[in-house]
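Notes for the one structure printed next.
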Amino acid sequence: MTTFLSDTEHPEEPKAPPKSARRRSREFILQGLYQWRVGGADEAAIEAYAPEMEGFAKADREFFVGTLRGVIAQREALVSQITAHLDRPFSELSPIEACVLMMGCFEMNHHPETPYRVIINEAIELAKAFGGTDGHKYVNGVLDKVAASVRPDEVAAKKKAR
């Protein structure tokens with residue numbers, strides 16, 4: 001008799017590595033920006049509610065607060081910076097893509113200690129987890145262009161190293 005894998009106990013699937021405090025923060029920032037953009041929640045309400053969410057204690061609170069406040073305060077400049085690389089009006093982007101792009105753009109501008117590829121990869125993961133089917137591809141393309149304009153030396157060095 002032939003035994004199929006489905007007939008036996010399922011071997012444990014390898015567990016994903018634990019999320020870093022920064023990655024957790026980015027997830028909460030995205031959720032907060034979504035509440036702000038779609039639900040009209042203000043910064044204070046988002047900051048008050050976030051600590052009650054499961055897993056927030058393992059997030060980088062300082063990064064969460066700084067990025068959330070920064071994106072909201074600089075939204076017009078960020079949208080302008082992003083719009084230069086879009087194929088449609090910013091207002092036509094899905095709320096998730098729009099929030100992920102603003103976060104990624106803010107982080108590229110204000111966190112030079114984080115390599116641009118890390119910022120883009122984190123944005124892609126957020127878009128995959130929370131966005132539409134191919135939204136992550138669009139986010140990747142736009143943030144690649146933003147990186148080239150915001151961090152030209154870093155992008156050029158990365159291309160040269162290939």
Side-chain angles (χ1 to χ4, degrees), residues 19-51 53 55-56 59-162:
K19 293 179 183 176
S20 71
R22 272 274 164 108
R23 175 164 286 188
R24 288 178 189 275
S25 295
R26 288 182 182 100
E27 290 176 355
F28 289 113
I29 294 162
L30 177 59
Q31 291 174 39
L33 290 174
Y34 186 87
Q35 292 169 354
W36 165 72
R37 186 169 166 85
V38 175
D42 67 5
E43 189 179 295
I46 296 164
E47 286 183 38
Y49 174 71
M53 296 174 70
F56 188 81
D60 179 339
R61 184 175 177 78
E62 185 178 327
F63 182 76
F64 168 80
V65 170
T67 303
L68 178 72
R69 289 179 182 176
V71 170
I72 292 172
Q74 297 176 20
R75 64 185 169 267
E76 290 175 12
L78 295 171
V79 168
S80 177
Q81 203 170 17
I82 293 164
T83 300
H85 307 290
L86 298 179
D87 61 353
R88 63 189 119 169
F90 187 83
S91 61
E92 291 181 12
L93 296 177
S94 80
I96 294 294
E97 289 172 1
C99 292
V100 169
L101 287 170
M102 286 191 294
M103 279 177 55
C105 189
F106 177 84
E107 200 170 345
M108 276 193 221
N109 285 315
H110 298 283
H111 290 278
E113 74 282 3
T114 307
Y116 82 95
R117 289 299 319 155
V118 170
I119 295 168
I120 293 173
N121 287 338
E122 291 288 317
I124 289 168
E125 291 305 314
L126 287 171
K128 283 181 180 178
F130 298 99
T133 305
D134 287 332
H136 67 282
K137 294 176 184 175
Y138 192 76
V139 165
N140 183 18
V142 173
L143 287 180
D144 272 339
K145 293 173 186 168
V146 169
S149 67
V150 173
R151 298 185 177 186
D153 296 340
E154 186 181 351
V155 172
K158 186 75 173 173
K159 286 182 180 178
K160 190 175 184 181
R162 286 183 194 167

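This is a predicted model, so every value here is computed, not measured.
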### Query
Do we see a donor-acceptor contact under 3.5 Å between the side chains of Asn109 and Gln74?
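No.
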Reported [atom1]-to-[atom2] distance for the pair [X] and [Y], which is rounded to 0.5 angstrom:
X	Y	atom1	atom2	value
Met103	Leu143	CE	CG	10.0 Å
Leu68	Trp36	CG	CH2	9.0 Å
Leu101	Ile82	CG	CD1	5.0 Å
Met102	Leu30	CE	CG	9.5 Å
Glu122	Glu27	CD	CD	8.5 Å
Asn140	Lys145	CG	NZ	10.5 Å

Could you list the donor-acceptor pairs under 3.5 angstrom formed by side chains in residues 90-97, with sequence neighbours left out?
from: Ser94; atom 1: OG; to: Glu97; atom 2: N; distance (Å): 3.1

Specify the closest pair of heavy atoms between [X] and [Y], including all atoms of both residues, with the distance to one decimal.
X	Y	value
Glu47	Val65	OE1-CG1, 4.0 Å
Ile120	Ala147	CD1-CB, 4.3 Å
Tyr138	Leu86	OH-CD2, 3.4 Å
Ile46	Phe64	CG2-CZ, 4.3 Å
Arg151	Pro115	NH1-C, 3.6 Å
Ser25	Arg61	OG-N, 4.5 Å

### Query
How would you list, by chain and number, every residue that makes a side chain to side chain contact (heavy atoms under 4.5 Å, CB included) with Asn121, sequence neighbours excluded?
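So Asn121 forms a side chain to side chain contact (heavy atoms under 4.5 Å, CB included) with Arg117, Ile124.
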### Query
What residues, two or more places apart in sequence or in another chain, satisfy side chain to side chain contact (heavy atoms under 4.5 Å, CB included) together with Thr114?
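Partners of Thr114 under the side chain to side chain contact (heavy atoms under 4.5 Å, CB included) test: Arg22, Arg26, Glu107, His111, Val118, Ile119.
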### Task
May I have the step-by-step check of side-chain contact (heavy atoms from CB on, under 4.5 Å) for Val155 and Lys159, ending in yes or no?
CA-CA 6 Å; Val155 172; Lys159 286 182 180 178; 3.9 Å; yes
### Task
Please indicate whether Phe63 has more than 12 foreign heavy atoms, meaning atoms of other residues, nucleotides or ligands, lying under 6.0 Å from its CZ.
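Counting neighbours around CZ of Phe63, more than 12 heavy atoms of other residues, nucleotides or ligands fall under 6.0 Å, so yes.
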### Task
Say whether, by atom type as modelled, one donor and one acceptor occur between the side chain of Arg75 and the main chain of Ile72 under 3.5 angstrom.
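It does hold such a pair.
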### Any donor-acceptor pair under 3.5 Å from Glu154 side chain to Tyr116 backbone
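It does hold such a pair.
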### Query
Side-chain contact, heavy-atom cut-off 4.5 Å: Asp60 with Arg24?
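Asp60 does not reach Arg24 side chain to side chain.
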